[in-house]
Undergrad: 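Attaching a single structure in structure tokens format; questions to follow.
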Amino acid sequence: MQESAFYQLSTSTAILLLVGFYVLTFLMSLTIVRRNENADAYMVSNSAIGFGMAAASMMATWIWAASFYASATSGYRYGLSGPIHYGMWGALMILFIYPFGRRFRELAPEAHTLAEVMHARHGSSSQMIMAVSNLVGSCISLMVNFSAAGALVAVLSPLSFIQGVIIAGVGVLAYTLWSGFRASVMTDFAQLVAMIVCAAVIIPMVYFSAGGSELLQTGMSRLTEEQASLFSKTAFLEQGAPFFVAVLAYAIGNQTIAQRLFAVRQDLIKPTFITATLGYGAIVIGLGMIGLLALMAGVVPIDGDTNNLIPQMASTYLPPFAIGMFFILVVGSLSSTADSDLSALSAIMMTDVYGKNLARGRPNPRLMLLLGRVTMIVATVLGIVFASLQLDILVVLVFVGALWGAIVFPVIASCYWDRVTNQAFTSSVLVAVSLFCIARFELLPVQGLFAAMLEIIAIVGAGVVIGLMAFGFLGKRVGLAAGAATMVVLAPYAFGELRHYLVLLSSLAAYGASAIVCVSVSLRSNERFDFSQLSRRVRSFHDERGGQSAAAVRIAPSSSTLMEGAKS
């Protein structure tokens, strides 16, 4: 990194803050009793988390490194509307899991992962598609958070990027390895309190140190017409719309959300997710304004890397004690999400890879716990290695969200429509992901008939997104009407125009293709699924009465048994 005149913490101070934070967090995790430890407690806290802990954990998990770095990047690139687009659509991501989440819990109250539910519904191929997508997504999330730690440490201290990545990785692993998901939830609560206090002090200090109202007056001249508008077309089409499209993808596809859905008490799902939605939106929009202030102040990111904006602004405009607070603020935010990713990865490996496939119907809960811990260690190493790539966080997030978009319709349809088959699920996801990759990376020229075909599929995708959102809260009839209306209204404006916005086009095409293929293949089948079977097939791994595995009843049956509930 280039030399700069920015204030830096001393090496000893930076190490003291990092080590002190992770030691205190580790000591908190030691308070969790491990007597009679079982796999269900390690993965979902026996589905007994209360409202306060659950809501705080949800907010802390999603106020992560990207909430700082990508939101600030959005404010720096798109001006006034950037942080609003990032924070508002991110908040909706939490909200829209609520109506579908209630359905998932009704069907399989003892589940640990959505892939586990898909295994009981369809079989191994659908389950592994879900599991692999979550493994990839959580590994990328780890990479993003460790990269954020490296950028923070490199700008605010004499330590190097790699040293910051390694310290964060080892620190998060140390306390999460002890008690898994329970440690993640407990530390999330403390980390959220610390983040709120720090944010309430730091954001106003940056604003006034940078010039306050005088900066707003002079800084507006540095903004382009699009950046100065709250209704910027560029900001909406390049970021707002792709993030809006990704809302359902992250809500349905991300195991860190699903894990909290399956961990909170079933009667507390609604207040938990509504509270987390409001809290996340308010905090993240505020944090994103730091990027807007950087734009107004004419700040140029160090090395041209916008991931450096947040620590750069802190170093430039905050006094030493506030820089220390900011240091803890970012470390706490990225740690709260990194530990959730480790917990999600361990749950997927324990349940979906070992419990449902390798154990051949008789999983050993003790071996599952060992596998979960080994998974965390391996994932941490991979996250540290991948962090060295230093990719653009905003681009990575849109990419993952679009890939997850391919599974949204098949997953939701599988939990409401009894005609969806394993073939329909698998083929729809594979086609959608392939089409997304072709469009997003321009493996074929996006022009002529191919571009027209993509736009038609994307228009269907837009109808699917709006229709599913309306369906979740207002029911089937309103959902179908909203989806159809969206396609009709959007078609005249989108046709011939969407091809110029490849991120949005490819994301919508993933939704549209998966819905078209899933419905078409399902209608060719006369199978009918009995949803009451899901609660019998998805059971806890631990029998509280005897402490033994309940795997014999919870491992999903073979393909021949899956037909027991089918009706012509």
Side-chain angles (χ1 to χ4, degrees), residues 89 129 132-133 136-137 140 233-250 252-253 391-392 394-413 420 423-469 482-524:
W89 305 135
I129 285 175
V132 169
S133 70
V136 172
I140 289 177
K233 178 182 177 182
T234 301
F236 177 75
L237 290 175
E238 292 186 2
Q239 180 186 311
F243 263 62
F244 180 75
V245 170
V247 162
L248 279 178
Y250 273 88
I252 301 301
L391 301 176
D392 187 307
L394 203 57
V395 172
V396 170
L397 290 177
V398 172
F399 174 73
V400 175
L403 285 178
W404 276 337
I407 69 172
V408 170
F409 184 87
V411 169
I412 293 177
V420 179
Q423 182 184 10
F425 186 103
T426 305
S427 59
S428 63
V429 173
L430 294 178
V431 169
V433 170
S434 300
L435 191 63
F436 164 77
C437 292
I438 292 172
R440 180 66 183 87
F441 302 112
E442 297 185 82
L443 301 181
L444 292 175
V446 182
Q447 53 187 279
L449 290 177
F450 181 61
M453 181 196 73
L454 283 177
E455 287 174 334
I456 292 172
I457 296 174
I459 291 169
V460 173
V464 169
V465 172
I466 300 299
L468 286 176
M469 290 179 175
T486 299
M487 287 185 273
V488 171
V489 171
L490 186 62
Y493 301 98
F495 196 73
E497 182 71 16
L498 271 178
R499 66 189 67 184
H500 302 302
Y501 300 91
L502 285 181
V503 174
L504 179 58
L505 176 67
S506 55
S507 300
L508 287 174
Y511 277 93
S514 65
I516 292 169
V517 175
C518 185
V519 171
S520 300
V521 176
S522 296
L523 289 175
R524 294 172 56 190

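By convention here, the first residue in the shown sequence is residue 1.
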Undergrad: Please report the C-alpha distance between Val411 and Phe425 in whole Å, then the side-chain angles of each, then the deciding distance to 0.1 Å, and finally whether the side-chain contact (heavy atoms from CB on, under 4.5 Å) criterion is met.
TA: CA-CA 8 Å; Val411 169; Phe425 186 103; 3.8 Å; yes
Undergrad: By side-chain hydrogen bond (donor to acceptor under 3.5 Å, both in side chains), which residues pair with Thr486, not counting sequence neighbours?
TA: none
Undergrad: Identify, with sequence neighbours excluded, every residue that meets ring pair (Phe, Tyr, Trp, His ring centres under 6.0 Å) alongside Phe409.
TA: none
Undergrad: Can you name the closest pair of heavy atoms from Ala494 and Glu455 and give their distance?
TA: O-OE2, 3.7 Å
Undergrad: Looking only at non-hydrogen atoms, find the nearest pair between Ala458 and Leu498 and report the distance.
TA: CB-CD1, 3.9 Å
Undergrad: Does atom CG of Leu449 have more than 12 heavy-atom neighbours, drawn from other residues, nucleotides or ligands, at distances under 6.0 Å?
TA: no
Undergrad: Drop me the distance from Ile252's CD1 to Ser133's OG, to the nearest 0.5 angstrom.
TA: 11.5 Å
Undergrad: What distance do Ile412 atom CD1 and Cys518 atom SG have between them, rounded to the nearest 0.5 Å?
TA: 11.0 Å
Undergrad: Would you list the pairs meeting side chain to side chain donor-acceptor pair (under 3.5 Å) in which at least one residue belongs to residues 513-523, sequence neighbours left out?
TA: none
Undergrad: List the steps, then state whether side-chain contact (heavy atoms from CB on, under 4.5 Å) holds for Phe495 with Ile456.
TA: CA-CA 7 Å; Phe495 196 73; Ile456 292 172; 4.1 Å; yes
Undergrad: Nearest 0.5 Å, please: how far is CZ in Arg499 from CG in Leu504?
TA: 14.0 Å
Undergrad: Out of curiosity, Ile457 CD1 to Tyr511 OH, how far, rounded to the nearest 0.5 Å?
TA: 16.0 Å
Undergrad: Do the side chains of Leu454 and Leu435 get nearer than 4.5 Å, heavy atoms only?
TA: yes
Undergrad: Which heavy atom of Val429 sits nearest to which heavy atom of Ala406, and what is that distance?
TA: CG2-O, 3.8 Å
